[in-house]
Amino acid sequence: MKAPRLHIPIHYLKGVGPRLAGDLEHLGIKTIDDLFAYYPYRYDEYELKDLAEVNDQEQTTIVGKIQSEPLLHYYGKKKSRLTVRILSGKYLIQVVLFNRPFLKRTLTLGSVVTVTGKWDRNRAMLTASEIHAGEPDPGSKWSPVYTACSGISVRKLRALVKQAFIQYPDCIKENLPAAFIERYRLTGKREAVRTIHFPEDQEQLRQARRRLVYEEFLLYELKLHAYKQLKRVSQNGVQMNIDRPAVQKFIEALPFALTAAQERVVNEILSDMGAAFSMNRLLQGDVGSGKTIVAAIALYAAAVSGYQGALMVPTEILAEQHADQLDGLFAPYGITTGLLTGSVRGKRRGTLLRGLAEGKINVLVGTHALIQPEVIFRKLGLVVTDEQHRFGVRQRGALRLKGKEPDILYMTATPIPRTLALSVFGDMDVSTIDQLPGGRKKIKTYWVQEKIIDRVIHFMRNELEQGRQAYVICPLIEESEQLDVQNAIDVYTHLSQALPEFKVALMHGRLTPEEKEAAMDAFKKKEVQVLVSTTVVEVGVNVPNASLMIIYDADRFGLSQLHQLRGRVGRGNVQSYCILLADAKSETSKEKMRLMAETTDGFKLSGYDLKLRGPGDFFGSKQSGLPNFRLADMIHDYRTLTVARDDASRLVKSHEFWHADCYAPLRETLAESGLTQTVHLD
Ligand code: ADP
Ligand code: MG
């Protein structure tokens with residue numbers, strides 16, 4: 001690839017001295033290109049209005065003449081309020097500025113200023129977000145607003161961008177091939193950038209944005225695909241010799257037939273494991289779609305080909321359940337399963353670790369205790385992480401280092417649309433189980449007010465009398481574990497009294513692991529009919545006889561979490577119910593409750609959840625490495641993302657992309673972001 005082209009340093013721009021250049025660098029602007037790409041985050045509409053036409057609390061811009069000396073008043077720590085009287089048209093109004101004491105000098109009696117702010121009609125007061133000398137800029141009635149910092153005002157930034165358009169318009173070069181521009185009727189690059197800074201009307205702005213969003217996505221997806229392609233041709237991963245007939249026998253011995261979706265993902269996984277690159281795959285599937293058995297098949301295949309496998313899960317309860325289940329499946333084949341959690345200590349722990357290092361243990365199941373340094377595998381070939389969103393990037397990475405480039409499989413029960421998953425989890429491949437095992441009845445979900453709890457208990461008694469079991473999830477008070485526990489105890493006491501003929505057990509985070517295990521065990525063995533719990537049962541727990549899930553304060557939970565909780569029932573073939581107790585006052589809460597009652601489709605719910613919470617919140621702070629786009633939004637612009645992804649996938653596989661002139665600018669941008677190798681196609 002060609003060397004990247006030179007970038008013009010920002011201090012070449014007229015009016016930018018060393019000091020301003022330093023300040024600009026704080027904003028990440030070092031070159032003219034950086035400045036052009038420093039897009040406004042919103043626009044002020046400079047339609048000058050007569051105050052008579054402005055509604056109370058509305059944002060507006062006015063021009064006026066200063067009628068009084070400004071008054072500066074300090075209060076609190078470093079807080080200030082600056083007020084000045086201004087005559088605008090026939091209105092004498094008060095203008096207030098918070099925390100900008102330095103503006104006092106500039107507001108001289110008799111001078112003309114343009115003020116933008118919120119109008120308080122009753123008090124004839126404008127709370128200003130912006131104020132500057134003179135009449136507003138002629139021309140556009142839209143004014144870009146940039147993230148500013150001390151030393152550089154929004155106004156200064158506007159002036160600099162304008163200057164850059166005068167001095168260096170040629171810095172903005174078209175980087176998309178003409179064929180693409182034509183096919184999607186895209187605005188040219190220079191015009192799009194100019195418009196994004198200085199738009200003249202809504203439609204023009206929409207088109208500019210559309211073009212720049214597509215470009216951002218395309219470049220991002222090209223990078224993803226090119227890296228993946230490179231990784232696939234590198235051959236430094238574990239290459240297992242998968243014994244397909246043995247795996248087939250194992251599958252046939254299961255008590256049920258795999259769903260078509262399970263079969264498909266098993267094949268995707270096994271073919272990665274048998275290949276020379278190391279697998280990095282996300283397995284997503286709705287709650288109850290049967291991911292565990294898929295993981296079991298992969299772990300079995302690894303063990304049969306002479307490698308060890310590890311399964312990391314977020315809670316001890318889950319670790320125990322999985323270890324049990326795997327041991328039941330593997331023992332007949334002479335494959336040994338071990339369990340490692342924080343509560344495995346002393347001699348038991350020593351024996352386990354020794355067995356692991358010697359290769360006597362084939363499959364190790366555990367919590368994040370697995371990543372401790374003293375855990376050493378003899379020949380680790382496959383790492384599976386269940387409920388991957390529960391672990392940080394670092395924890396997941398640490399497990400990978402326990403082997404020599406082992407294959408990795410992440411499992412998640414919060415499935416999202418495929419293109420989004422592939423884009424968010426950049427370097428992973430994605431397998432999706434999009435089908436539930438047959439014979440399942442849809443869980444009936446009802447949203448009720450908390451005051452009818454007696455009727456709910458009546459309903460519960462009915463279910464219990466038929467030999468079923470129930471989970472009751474307690475109110476959640478995020479700030480205080482203490483209160484969570486208290487709530488759980490209250491609910492437990494109430495239910496024990498209301499249902500004396502049944503056995504009720506209590507589970508919460510303050511119990512010792514042994515106590516939790518005992519409660520869970522009793523529930524599994526049907527010795528206990530009602531399990532009152534905080535959210536510790538949220539993930540993965542599997543008790544097929546439980547048919548009723550009652551969730552207190554349901555509106556406090558996120559949609560995905562509610563769906564997870566609900567997924568604890570409906571695992572057998574009896575009709576199951578989920579009852580959401582919530583007073584749900586806000587519109588969002590009501591909407592959430594309605595969605596839960598309406599749909600049991602995890603894909604749909606995670607889609608809504610993403611929209612309600614936004615990607616940052618949805619994926620959680622642990623899921624760092626979310627791509628950062630200047631304009632594009634993976635949820636909002638999902639359709640464009642899909643188009644860009646398809647284009648990118650086609651491009652990296654084509655000879656022309658890597659060689660033809662019309663793609664040179666795109667290749668150059670890839671090179672600038674660190675991808676300097678050419679991908680060789682076979
Ligand atoms: P999840 O994807 O939520 O982890 P599980 O792996 O816990 O789901 O599976 C849920 C239940 O469905 C388990 O009881 C499991 O044994 C059962 N199951 C899995 N696959 C099938 C299948 N193909 N047919 C019938 N039952 C299945
Ligand atoms: Mg699971």
Side-chain angles (χ1 to χ4, degrees), residues 247-248 250-269 281-300 311-315 317-330 337 363 365 384-391 409-416 421 430-443 468-469 471 520 523-526 535 537-547 549 560-576 578 600-603 605-606:
V247 174
Q248 199 50 43
F250 178 77
I251 293 174
E252 275 159 22
L254 293 173
F256 44 74
L258 295 186
T259 61
Q262 281 171 319
E263 251 174 59
R264 192 186 64 238
V265 303
V266 163
N267 280 326
E268 288 166 358
I269 292 164
R281 191 172 275 280
L282 179 73
L283 171 59
Q284 50 169 11
D286 208 343
V287 258
S289 61
K291 293 182 292 296
T292 315
I293 202 67
V294 171
I297 295 166
L299 288 165
Y300 175 82
L311 171 61
M312 184 160 77
V313 300
T315 65
I317 296 176
L318 207 51
E320 277 151 22
Q321 178 186 297
H322 279 346
D324 259 11
Q325 195 188 347
L326 293 186
D327 190 46
L329 290 168
F330 295 160
T337 309
V363 176
V365 182
V384 184
T385 314
D386 199 5
E387 314 297 346
Q388 62 83 30
H389 64 284
R390 289 300 184 102
F391 296 102
L409 182 67
Y410 302 105
M411 302 201 286
T412 172
T414 315
I416 53 174
V430 173
S431 288
T432 305
I433 308 184
D434 50 7
Q435 177 183 25
L436 295 180
R440 295 266 174 84
K441 293 204 174 64
K442 227 178 160 143
I443 302 167
R468 317 252 190 274
Q469 290 163 283
Y471 293 99
M520 206 58 228
F523 191 63
K524 268 190 203 157
K525 292 189 187 129
K526 302 191 197 174
T535 53
V537 296
E538 178 196 345
V539 289
V541 171
N542 191 24
V543 180
N545 189 54
S547 66
M549 167 62 68
S560 299
Q561 206 182 2
L562 286 171
H563 184 59
Q564 283 282 328
L565 285 167
R566 176 168 63 183
R568 296 310 109 218
V569 298
R571 310 197 132 229
N573 39 24
V574 301
Q575 178 61 55
S576 292
C578 174
T600 47
D601 180 339
F603 277 91
L605 288 170
S606 59

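Each ligand, and each atom within it, is numbered from 1 in the order the structure gives.
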At under 4.0 Å between heavy atoms, is it the side chain or the backbone of [X] that contacts ligand 1, or both, or neither?
X	result
Gln262	side chain
Arg571	side chain
Ile433	neither
Arg440	side chain
Asn542	side chain

Which ligand 1 atoms does [X] reach within 4.0 Å, using its non-hydrogen atoms?
X	answer
Ala257	22 (C), 23 (N), 24 (N)
Val287	3 (O)
Thr292	4 (O), 5 (P), 6 (O), 7 (O)
Thr259	23 (N)
Leu258	23 (N)
Ser289	2 (O), 8 (O)

Applying ring pair (Phe, Tyr, Trp, His ring centres under 6.0 Å), name anything that partners Tyr300, two or more places apart in sequence or on another chain.
Phe250, Tyr333
To the closest 0.5 Å, what do you measure between [atom1] ([X]) and [atom2] ([Y])?
X	Y	atom1	atom2	value
Leu605	Gln564	CG	CD	11.0 Å
Leu409	Glu268	CG	CD	11.0 Å
Arg566	Arg568	CZ	CZ	12.0 Å

Whether the side chain of Gln575 engages the backbone of Gly570 through a donor-acceptor N/O pair (distance < 3.5 Å, no angle test) should be reported.
no
Treating Ser606 as the side-chain partner and Pro415 as the backbone partner, does any N or O pair qualify as donor plus acceptor under 3.5 Å?
yes
Would a 4.5 Å heavy-atom cut-off, applied to side chains only, mark [X] and [Y] as touching?
X	Y	answer
Gln321	Thr315	no
Val265	Arg281	no
Val363	Asp327	no
Leu299	Thr337	no
Val543	Lys526	no

Considering both backbone and side-chain atoms of [X], is one of its nitrogen or oxygen atoms within less than 3.5 Å of a nitrogen or oxygen in ligand 1?
X	result
Pro437	no
Gly290	yes
Pro544	no

I'd like to know if [X] contacts ligand 1, where contact means a heavy-atom distance under 4.0 Å to any ligand atom.
X	answer
Gly288	yes
Ala413	no
Gly572	no
Asp286	yes

